[in-house]
Amino acid sequence: MKADGIKKVLCVLGGGSTKATGLWDRITKSLKENGIEYSEFWGVQPNPLISKVREGVAVCKDPANKIEAVLAIGGGSVIDTAKGIASGAKFSSDIWDVYLRKAAPPEEPLPMYTVLTLSATGSEYNNCSVMSSPEEERKIGVFFANRPRATAIDPTVQFTLPWRQVMCGAVDATSHLMEQYFSRPNETDCSREINLALQRSIIKSMIKIKANNEDYEARANFSWAVSVALNGLPRLGMSGDWNVHWIEEAISAIDGRTAHGEGLAVVSRSYYKFLWKRGIAKEMFEEWAESVFGTKNVDEALKKFDELLDSWEAPMKLADLGLTEADIPRIVRVEQEQNKMGVRSPLLPLTPELTTEILRNT
Ligand code: NZQ
Ligand code: ZN
């Protein structure tokens, strides 16, 4: 920030873990030592809200506050909110219109920086921001014009994470990789190999982190793999799929209590069996089974995938998220409405009937 000539920054934070871990003291000390003034903006919640982004935009737009950049200190929810604020500050009307594809993103948002406290989303390395509006039953991602200019990742900061969040992070990154991997057949071999290696690396690190939450090497490797998982590298030349994310975002849109990684775990368990049974992406399933799970038998690999999620203590069924069969039509409706705003899967364009079947099988 100092090198960029920033004189005053808006620090965007969550519900208090940053203070509890002592990180906030370290950051404010460093800002003071470098002569950078700051304002504090606390209270971003998981499944972050567009209303919070609007509050932050108002702070940045007030000339009296002299905000020149945004510093996110937290996980994906904080970073995504900071991105919304940085773009909203340079946008003449409501930034939610950009999420809803009613307007193009501003070309020159405020610069933003991140200090990552939870490896999960890859938001620290990309230009995506996912935001919720519960009143409208929406949870939708958008790509802004900028990525964070710099990101600090100190694995020791993550020693304090509760297991639920570690699990959610591993499921999220694995889902990013699998949804990029299961694309049209015979797309770039190099990207596929990078992708498969990252999946294996996450599995290895998670065994060590489960045994010892403070294993520095495992945490460092995990953070690196998770950040790369959604920085664009493993999807170069790949068409991608994203149906698991589309369905999960609809679940979180109707029920903000569901953590992103929990919803993904439930949908993934059903979705990949569903694809395989229909003979979709056959060659890719065979390559994945052998590379990630060491077997040529895809059914066995899918069983091992389930067991992997069990070993991470990931939820299994909609019921584990506190939802029932009666919620399925609502999830399907929201998924269909939101899916229209993005790129549809080349493998399996979701219809209401298909999404219903995938959810019923959870
Ligand atoms: O709010 P605080 O008190 O900071 O506590 C947080 C929060 O309750 C806690 N936490 C974070 N770091 C901690 C810690 N607790 C102890 N020690 C630490 N070091 O963790 C809880 C969850 O935080 P959150 O930021 O919500 O989790 P995550 O990083 O998994 O982010 C999930 C959000 O990112 C979106 C998801 O949809 C979801 O809204 N995604 C963003 C993407 C992107 N921008 O590229 C892509 C993803 O697919 C995803 O959709
Ligand atoms: Zn995700």
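Numbering of ligands and ligand atoms starts at 1, following listing order.
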Between Asp172 and ligand 1, which part of the residue brings a heavy atom under 4.0 Å of the ligand: side chain, backbone, both or neither? side chain
Taking non-hydrogen atoms only, is His176 closer than 4.0 angstrom to ligand 1 via side chain, backbone, both or neither? side chain
Name of whichever N/O/S atom of His260 is nearest to the Zn ion (ligand 2): NE2
If the cut-off is 4.0 Å to any non-hydrogen atom of Gly14, which atoms of ligand 1 fall inside it? 1 (O)
Closer than 4.0 Å to some heavy atom of Ala120 - which atoms of ligand 1 meet that? 29 (O), 30 (O)
Any chance you could measure Thr18, atom OG1, to Trp42, atom CH2, to the nearest 0.5 Å? 5.0 Å
Are Leu110 and Val115 grouped together when hydrophobic residues (ILVMFWY) are joined by side-chain heavy atoms under 4.5 angstrom apart? no
What N/O/S atom of Asp172 is the closest to the Zn ion (ligand 2)? OD1
For ligand 1, is any non-hydrogen atom under 4.0 Å from Asn126's backbone (N, CA, C, O), its side chain (CB onward), both, or neither? side chain
Ion pair check, Lys208 and Asp215, cut-off under 4.0 Å: no
Tell me, please, if Glu248 has any N/O/S atom, main chain or side chain, under 2.8 Å from the Zn ion (ligand 2)? no
Backbone N/O of Ile358 and side chain of Ser270: donor-acceptor pair under 3.5 Å: yes
Part of Thr117 with heavy atoms under 4.0 Å of ligand 1, whether side chain, backbone, both or neither: both
Going by an N to O cut-off under 4.0 Å, is there a salt bridge joining Arg360 and Glu325? yes
Donor-acceptor pair, side chain of Ser175 and main chain of Asp172, under 3.5 angstrom: no
Could you find the nearest protein heavy atom to atom 35 (C) of ligand 1 and give me its residue, atom name and distance? Asp80 OD2, 3.7 Å
Measure from atom 43 (C) of ligand 1 to every heavy atom in Ser123, Pro48, Ala20 and give the option owning the shortest one. Ser123
Can Lys29 be said to sit on top of Trp24's aromatic six-ring, NZ or CZ under 6.0 Å from centre and within 45° of the ring axis? no
Test your reading of the structure: does His260 have an N or O sitting under 3.5 Å from an N or O of ligand 1? yes
Does this structure show an ion pair linking Glu124 with Arg147, if we count only N-O contacts that are shorter than 4.0 Å? no
So that I can tick it off, tell me whether Glu286 and Lys296 are bridged by a salt bridge, with the cut-off set at under 4.0 angstrom between side-chain N and carboxylate O. no
On the six-membered ring of Tyr38, is Lys32 placed so that its NZ or CZ lies under 6.0 angstrom from the centre and within 45° of the ring axis? no
Would one find an N or O of Lys83, backbone or side chain, under 3.5 Å from an N or O of ligand 1? no
If the cut-off is 4.0 Å to any non-hydrogen atom of Leu230, which atoms of ligand 1 fall inside it? 45 (O), 46 (C)
Distance under 4.0 Å to a non-hydrogen atom of Asn47: what atoms of ligand 1 satisfy this? 39 (O)
Just jot down the ligand 1 atoms closer than 4.0 angstrom to any heavy atom of His245, in number order. 48 (O)
What about Gly15: any of its N or O atoms under 3.5 Å from an N or O on ligand 1? yes
Criterion side chain to side chain contact (heavy atoms under 4.5 Å, CB included) against Ile254, the qualifying member of Arg330, Glu335, Arg333: Arg330
Suppose we only allow N, O or S atoms; which atom of His245 ends up nearest to the Zn ion (ligand 2)? NE2
Non-hydrogen atom of Gly16 closer than 4.0 Å to ligand 1: yes
Nearest to atom 37 (O) of ligand 1 by heavy atom, Glu124, Lys139, Glu249: which? Lys139
Taking distance alone, with no angle check, do Leu118 and ligand 1 share an N/O pair under 3.5 Å? no
Tell me which one of Val130, Thr18, Leu161 gets a heavy atom nearest to atom 18 (C) of ligand 1. Leu161
Using side-chain heavy atoms (C-beta onward) and a distance below 4.5 Å, is Val130 in contact with Tyr99? no
Row check, Trp312 ring normal vs Lys210 NZ/CZ: under 6.0 Å, within 45°: no
Taking both backbone and side-chain atoms of Thr21, is any N or O found less than 3.5 Å from an N or O belonging to ligand 1? no
For Val157, counting its heavy atoms only, list the atoms of ligand 1 lying under 4.0 Å from any of them. 19 (N)
Consider only side-chain N and O atoms of Asn297 and Thr295, and report whether a donor and an acceptor are under 3.5 Å apart. no
